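Step one of this worksheet: look at the structure below.
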Amino acid sequence: MLILVIGQGAREHAITQTLLRDPDVQVICAPGNPGIAKISQISPVDVTDTNSVVALAKKCNPDLIVIGPEAPLVAGVVDELTNAGFIVFGPSKSAAQLEGSKAFAKEIMQAAGVPTGDSKYCQTIAQARAALELFGAPYVVKDDGLAAGKGVVVTDDFAEAVAHAMACIDGRDGGAVVIEEFLDGPEVSLFGVSDGTTVIPLTPAQDFKRVGDNDAGPNTGGMGAYSPLPWAPANFVKQVQESVLQPVIDEMRRREIPFVGLLFAGLAVTKNGIKVIEFNARFGDPETQVVLARLESSLSQLLLAAATGNLAKLPALKWSGDSAVTVVMAAQGYPESPVSGAVISGMAEAEELGLSVFHAGTKLNEHGEIAVSGGRVLSVTATGKDLIDARSQAYAGVERIRFDGEHHRSDIALKAAHGEIRLGVEN
Ligand code: AMP
Ligand code: GLY
């Protein structure tokens, strides 16, 4: 089976590596990156340019296309590929609105009876101020459009909340902001793979959104992740399946916008139960790196079954009892203004430890060296018998890799490994 993977991050590197575990699978990744190029063919493409993605698909003629990032989904790449006769794992443009519009996601949740925080959709600054006063601090202010995880401000500072609301409303035509009740409790990312009717939950993971240790500093795309969650409530996955994933898939189908692909539920485990913070319409990054590290079943069979409406026939997924931890190594200045160009060394030495160094913002420079080309540069991923073991291995890998200006969090999975997460109290 030939699979075309669209994307170029550590997530796509992990997806490609996992697909290639199946002996009958070949992968072309587009545009890929220098790390992915070591394990599969890569091909240049502008992922948001629908015509070039379709042209590439026609050239490669894959049996399955897997879309990694959100931008091509929201641009309607899946619709065009499907019209051209390809089998695609990823939602249509309309279904991807679950991620692309916070207001749409809220509407679906309300209709499906899915637990989430109260919120107000505001198109003027007066409405936004009133909503901020209604919910009180901490203030949660979200850009209504796509913002790569960076459009959300959570703050105790009223002036900062108002300033972000103004930036969202004035940012573009039809700009709007969603002001939301603060959800207090540890966050969990749970992925559901769906064929539009059936949805199969994967194993839960926790992401670390803030740039600094102890959740200091601004939000990022994600600085690290781990799985499983030893502190998760009993029947957690079953509860989310029944109260979130299946009702959303059913509601989307009822509206004739079936969701085929990966439904990513960002959840808060609060004192009042599990609530949805947000949906994404794609695999999470860096959560995918740890989730796939624990998947023992065939990923290609899972994604193909979803893309062809056959999930109900698939045997139950098998998961390793090991733990997995990934640590993101970021460029100088990330997330505000990442600096490119620093040469990276030590990756082979890290890989000698038996772990995976997934590439994200990397490129080959004019001397053929691997250099920094984006904010999140590498995702160093290790497994171990428990979280203590997995995190010590991941950090041993991180210690071997160097580039100027590099920074990473030193507390990924730390509290979970030492049993210090209390439900509904702290993250
Ligand atoms: P989002 O893009 O909606 O996932 O938001 C990014 C991050 O902001 C989340 O992962 C949370 O850490 C935080 N966040 C968003 N909404 C809320 C909320 N209602 N309550 C608490 N934290 C939130
Ligand atoms: N790590 C969160 C995301 O992929 O949006």
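Below, all heavy atoms of this structure are taken into account, side chains as well, without hydrogens, waters or symmetry copies. Just so it is clear, the model here is predicted, and its values are computed rather than measured. Position 1 is the first residue of the sequence, and the numbers go up from there.
- Residues P338 and G374 approach most closely at CB-C, 4.4 Å, considering heavy atoms.
- Between P31 and V47, the closest side-chain pair of non-hydrogen atoms falls below 4.5 Å.
- The minimum heavy-atom distance linking I257 with F104 is given by the pair CD1-CZ, 3.7 Å.
- Within the 4.5 Å cutoff, no side-chain heavy atoms of W231 are placed close to those of E420.
- Counting non-hydrogen atoms of neighbouring residues, nucleotides and ligands closer than 6.0 angstrom, the CG atom of D404 reaches no more than 12 such neighbours.
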Could you go step by step and tell me if I39 and H13 meet the side-chain contact (heavy atoms from CB on, under 4.5 Å) rule?
-> CA-CA 9 Å; I39 57 170; H13 195 171; 3.8 Å; yes
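- Not one N or O on the side chain of S379 forms a donor-acceptor pair closer than 3.5 Å with the backbone of V328.
- Side chains of S410 and D213: a donor-acceptor N/O pair is present below 3.5 angstrom, by distance only.
- Not one N or O on the side chain of D207 forms a donor-acceptor pair closer than 3.5 Å with the backbone of A225.
- In this structure, Q26 places its CD atom where only 12 or fewer heavy-atom neighbours from other residues, nucleotides or ligands lie under 6.0 Å away.
- R294 places no side-chain N or O within 3.5 Å of a backbone atom of S323 that could act as its donor or acceptor partner.
- Ring pair F283/F191 is perpendicular by interplanar angle, where above 60° counts as perpendicular and below 30° as parallel.
- Proximity of V248 to F259: side-chain heavy atoms (C-beta onward) are nowhere separated by under 4.5 Å.
- At a cut-off of 3.5 Å, with distance as the only test, no side-chain donor of T270 or N272 sits close to an acceptor on the other residue.
- Atom CE of M329 is separated from atom OG1 of T362 by 12.5 Å, given to the nearest 0.5 angstrom.
- Residues V77 and I6 are not in side-chain contact: their nearest non-hydrogen atoms beyond the backbone lie 4.5 Å or more apart.
- A donor and an acceptor atom, one from each side chain of E160 and T155, are located under 3.5 Å apart.
- L4 CG to L64 CG: the interatomic distance, rounded to the nearest 0.5 Å, is 9.0 Å.
- A donor-acceptor pair is defined here as one N or O able to donate and one able to accept, closer than 3.5 Å; such a pair exists between the side chain of T326 and the backbone of V380.
- Counted by atom type alone, E369 and N365 present one or more donor-acceptor pairs between their side chains at under 3.5 Å.
- Of all heavy-atom pairs spanning V54 and A84, the tightest one is CG1-CB, 4.2 Å.
- Each of K275, E278, K106 was evaluated against T116; a single residue qualifies, K106, per the side chain to side chain donor-acceptor pair (under 3.5 Å) test.
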Step-by-step salt bridge (Lys or Arg N to Asp or Glu O under 4.0 Å) determination, E242 to K238 | CA-CA 6 Å; E242 288 170 1; K238 185 162 179 277; 3.5 Å; yes
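- Between L378 and F403 the shortest heavy-atom distance is CD1-CE2, 4.5 Å.
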Pair N310-D195, side-chain contact (heavy atoms from CB on, under 4.5 Å): steps then yes or no = CA-CA 7 Å; N310 287 313; D195 60 8; 5.7 Å; no
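- Annotation: E107, atom CD; neighbour count of heavy atoms from other residues, nucleotides and ligands within 6.0 Å is above 12.
- Contact of the F208 side chain with the T220 side chain is not registered, since no non-hydrogen atoms from C-beta on lie closer than 4.5 Å.
- Of the possible polar contacts, one joining the S297 side chain to the K318 backbone as a donor-acceptor pair under 3.5 Å is found.
- Rounding to the nearest 0.5 angstrom, the gap separating the CG atom in L414 from the CD1 atom in I388 is 9.0 Å.
- The aromatic rings of Y395 and H408 sit tilted relative to each other, their planes meeting at an angle between 30° and 60°.
- Between the side chain of N33 and the backbone N or O of Q8, at least one donor-acceptor pair lies under 3.5 Å.
- Checked by atom type and distance alone, the side chain of D144 pairs as donor or acceptor with a backbone atom of K102 at under 3.5 Å.
- Side-chain N or O atoms of R409 include one that pairs as donor or acceptor with a backbone N or O of G212 at under 3.5 Å.
- Interatomic distance, CG of N51 versus CG of L56, reported as 12.5 Å (0.5 Å rounding).
- Here L263 contributes atom CG and S194 contributes atom OG; the two are 7.5 Å apart, rounded to the nearest 0.5 Å.
- Looking at heavy atoms from C-beta onward, H367 lies out of side-chain contact with V343 at the 4.5 angstrom threshold.
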Output, in order, the C-alpha distance, side-chain angles, deciding distance and verdict of side-chain hydrogen bond (donor to acceptor under 3.5 Å, both in side chains) for E80 and T50.
-> CA-CA 7 Å; E80 294 302 322; T50 310; over 6 Å; no
Hey, mind stepping through F279 and I108 against side-chain contact (heavy atoms from CB on, under 4.5 Å) and telling me if it holds?
-> CA-CA 11 Å; F279 289 119; I108 295 289; 5.8 Å; no
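- A heavy-atom distance below 4.5 Å is not found between the side chains of E180 and F135.
- Side-chain contact of T381 with Q289: a donor-acceptor pair under 3.5 Å is absent, judged by distance alone.
- Of the candidates V260, V244, V199, I249 forms a side-chain contact (heavy atoms from CB on, under 4.5 Å) with just one, namely V199.
- Within the 3.5 Å criterion, the main-chain N or O of A10 finds no donor-acceptor partner in the side chain of H359.
- In this structure, the side chains of L364 and I370 come closer than 4.5 Å at one or more pairs of heavy atoms.
- A distance of 13.0 Å separates CZ in R210 from CG in D411, rounded to the nearest 0.5 Å.
- Using a distance-only test at 3.5 Å, with no hydrogens or angles considered, no donor-acceptor pair links the side chain of D79 to the main chain of S92.
- Using modelled atom types, one finds a donor on one side chain and an acceptor on the other under 3.5 Å when comparing D22 with S300.
- Heavy atoms only, all atoms of each residue included: L353 and G397 are closest at CD1-N, 3.7 Å.
- Paired with L314 under the rule side-chain contact (heavy atoms from CB on, under 4.5 Å), one option of L302, T198, L304, V193 passes, and it is L302.
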Run the side-chain contact (heavy atoms from CB on, under 4.5 Å) check on I28 and L2 step by step: do they pass?
-> CA-CA 8 Å; I28 300 174; L2 177 63; 4.0 Å; yes
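- Closest approach of F89 to G261, counting heavy atoms only: CZ-C, 3.4 Å.
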Going through the distances and angles, do E351 and K38 end up as a salt bridge (Lys or Arg N to Asp or Glu O under 4.0 Å)?
-> CA-CA 13 Å; E351 281 166 341; K38 287 193 181 163; 5.1 Å; no
